Asks: 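The structure is given below, and queries will be raised subsequently.
This is a predicted model, so every value here is computed, not measured. Both counts, for ligands and for their atoms, begin at 1 and track the order of listing.
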Amino acid sequence: MEINTLETTDVVMLEHYGAINEYISNLGSTRIAVLVDDNTLRYCLHHFSENFEHDFELITIPAGEEYKNLKTCEYIWTEMLRLGLDRSSVLINLGGGVVCDMGGFCAGTYMRGIKFIHIPTSLLSQVDAAIGGKQGVDLGKYKNTIGLIQLPEYVLIDTEYLDTLPYRQLVSGFAEVLKYGLVYDRSIWDAYSVLPDFKSADMIDVVAQCAAIKTRIAEADLYELGQRRILNFGHTIGHAIESFWLEKKDPMLHGEAVAIGMIAEAYLSTIYCGLPFRDYLTVKERILHLFGRKYKSVADTPALLKNMKADKKNERGVFQFSLLADIGTCKTGIAVSEEDIAISLNEYCKEE
Ligand SMILES: NC(=O)c1ccc[n+]([C@@H]2O[C@H](COP(=O)([O-])OP(=O)(O)OC[C@H]3O[C@@H](n4cnc5c(N)ncnc54)[C@H](O)[C@@H]3O)[C@@H](O)[C@H]2O)c1
């Protein structure tokens, strides 16, 4: 089933390997490499190999956000060279958001850019990370600081991969699903925020709805000059939290950090954007029910504010937020003070 197209080069599909098999056939003789991490090597490569009709080389990297950096890129570029990839070659990124972001960046820069295909295997990457052309890596603990915007040839979405995804990772992906509900389509929020847990959700429906929204928004504003900024809701505080935890032994997952960010930024929305306070309380209660209370110590707030100062979205040293005017409606480019960010984190920690 075809969901939508970004440009002629970026097609988002469900379970349709025929298109990429034919695409590779049409390229003639060329070298293909598949990038996987430890987990997608173990759980996803088999299903991919059953459906992909061409020979390929394999590049394997360790799993986890802590490896999404230039050191791993150097390894990937070196492997690409060793395996004989040239400018006619294609890199297929088979994995979650880390493999897609980093593989897209490596392909987009190798020999000044070769073609690549994303086959996202986590929920988060199927509904968000693999779509929209943002490729990149972290610089130290700072999220996605180095990168480029370049569209893959294809994004092939096959929900069968989700069968082996650990539940904690599935929950993390649902943070982005709920975000689409809060910033764009209230019916998504109404449908999924009231579930007792995410085990009962129909994943084909979830992925089809959210991938279509992401495609539509990215298509209208590829370079994030306007509407695409609504997708940053929850991410200014979320990225600062994710960066802070990256240095710890048990890093917080992207979606877990975004869930905290969405609660704190919903509180900021009541101050700056007119979100009714009762809606903030509903957002807080439902997200805490599904994700738990993971940020516990306001003593960490100064470190988070320091991380936020390196955020790409800041303009002339001022924090720029995307905030909710209502559930399902988001406004962008809102300057927020440091004091209010600290208050919003304090609010998050408050037991009702
Ligand atoms: N480019 C964008 O527009 C964009 C948008 C949102 C998030 N992101 C990025 O995406 C990343 C988060 O993505 P993620 O949550 O997919 O992280 P991830 O790639 O680390 O995947 C999560 C974990 O699940 C494992 N995994 C993936 N698919 C699996 C499967 N089918 N079965 C078993 N295990 C599997 C991975 O090996 C990893 O351990 C972050 O780096 C974030 O910055 C990018």
Side-chain angles (χ1 to χ4, degrees), residues 6 10 35-48 60-69 72 93-105 108 116 118-139 141-152 155 157-177 179-180 203 207 210-211 213-215 217-218 221-224 228-229 231-235 238-243 245-246 251-259 261 311-312:
L6 251 187
D10 189 0
L35 178 69
V36 289
D37 70 20
D38 303 329
N39 294 322
T40 60
L41 172 70
R42 181 163 175 204
Y43 297 110
C44 305
L45 190 67
H46 179 68
H47 179 64
F48 169 79
T60 308
I61 54 171
E65 182 74 29
E66 61 272 39
Y67 295 100
K68 187 181 164 185
N69 54 37
T72 313
N93 302 308
L94 180 69
V98 169
V99 166
C100 291
D101 278 12
M102 189 154 47
F105 174 67
F116 59 97
H118 285 332
I119 305 187
T121 59
S122 66
L123 176 62
L124 198 140
S125 57
Q126 296 194 347
V127 298
D128 190 359
I131 304 168
K134 285 188 185 176
Q135 323 298 337
V137 294
D138 305 333
L139 183 63
K141 64 180 178 176
Y142 295 111
K143 291 278 304 166
N144 305 329
T145 307
I146 309 297
L148 43 82
I149 293 195
Q150 187 162 328
L151 293 169
V155 180
I157 302 180
D158 180 347
T159 49
E160 224 175 291
Y161 288 117
L162 301 181
D163 294 349
T164 55
L165 191 69
Y167 185 66
R168 184 178 169 198
Q169 297 290 349
L170 189 86
V171 174
S172 172
F174 262 99
E176 302 289 3
V177 172
K179 182 194 74 181
Y180 291 123
M203 296 315 298
V207 171
C210 295
I213 292 175
K214 176 78 190 270
T215 304
I217 292 173
D221 181 19
L222 186 62
Y223 292 95
E224 200 171 291
R228 187 169 182 172
R229 293 183 188 173
L231 300 179
N232 294 331
F233 172 69
H235 281 65
H239 275 163
I241 290 175
E242 196 183 356
S243 291
W245 255 266
L246 254 181
M252 199 177 286
L253 302 182
H254 180 75
E256 293 170 343
V258 168
D311 194 289
K312 297 187 291 303

Asks: Evaluate whether atom OH of Tyr43 has more than 12 neighbouring non-hydrogen atoms of other residues, nucleotides or ligands under 6.0 angstrom away.
Replies: no
Asks: With sequence neighbours left out, what residues match Phe116 under ring pair (Phe, Tyr, Trp, His ring centres under 6.0 Å)?
Replies: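 Residues passing ring pair (Phe, Tyr, Trp, His ring centres under 6.0 Å) with Phe116: His118.
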Asks: Output the set of protein residues with a heavy-atom contact under 4.0 Å to ligand 1, ordered first by chain identifier and then by residue number.
Replies: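 Lining ligand 1 at under 4.0 Å, by heavy atoms, one finds Asp37, Asn39, Thr40, Tyr43, Cys44, Ala63, Glu65, Lys68, Gly96, Gly97, Val98, Asp101, Thr121, Ser122, Leu124, Asp128, Ala129, Lys134, Lys143, Asn144, Tyr161, Thr164, Leu165, Pro166, Gln169, Lys214, His254.
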Asks: What I'd like to find out is whether the side chain of Leu123 reaches to under 4.5 Å of the side chain of Gln169, using heavy atoms alone.
Replies: no
Asks: Given Asp101, which partner from the list Lys68, Gln135, Lys134 fulfils the side-chain hydrogen bond (donor to acceptor under 3.5 Å, both in side chains) test?
Replies: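 When Lys68, Gln135, Lys134 are each tested with Asp101, the side-chain hydrogen bond (donor to acceptor under 3.5 Å, both in side chains) holds only for Lys68.
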Asks: Can you see whether Glu176 engages His235 through a side-chain donor-acceptor pair at a distance of less than 3.5 angstrom?
Replies: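 A donor-acceptor contact under 3.5 Å links the two side chains.
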Asks: Locate the shortest heavy-atom distance separating Arg228 from Ile131; write the atom from each residue and the value.
Replies: NH2-O, 4.2 Å
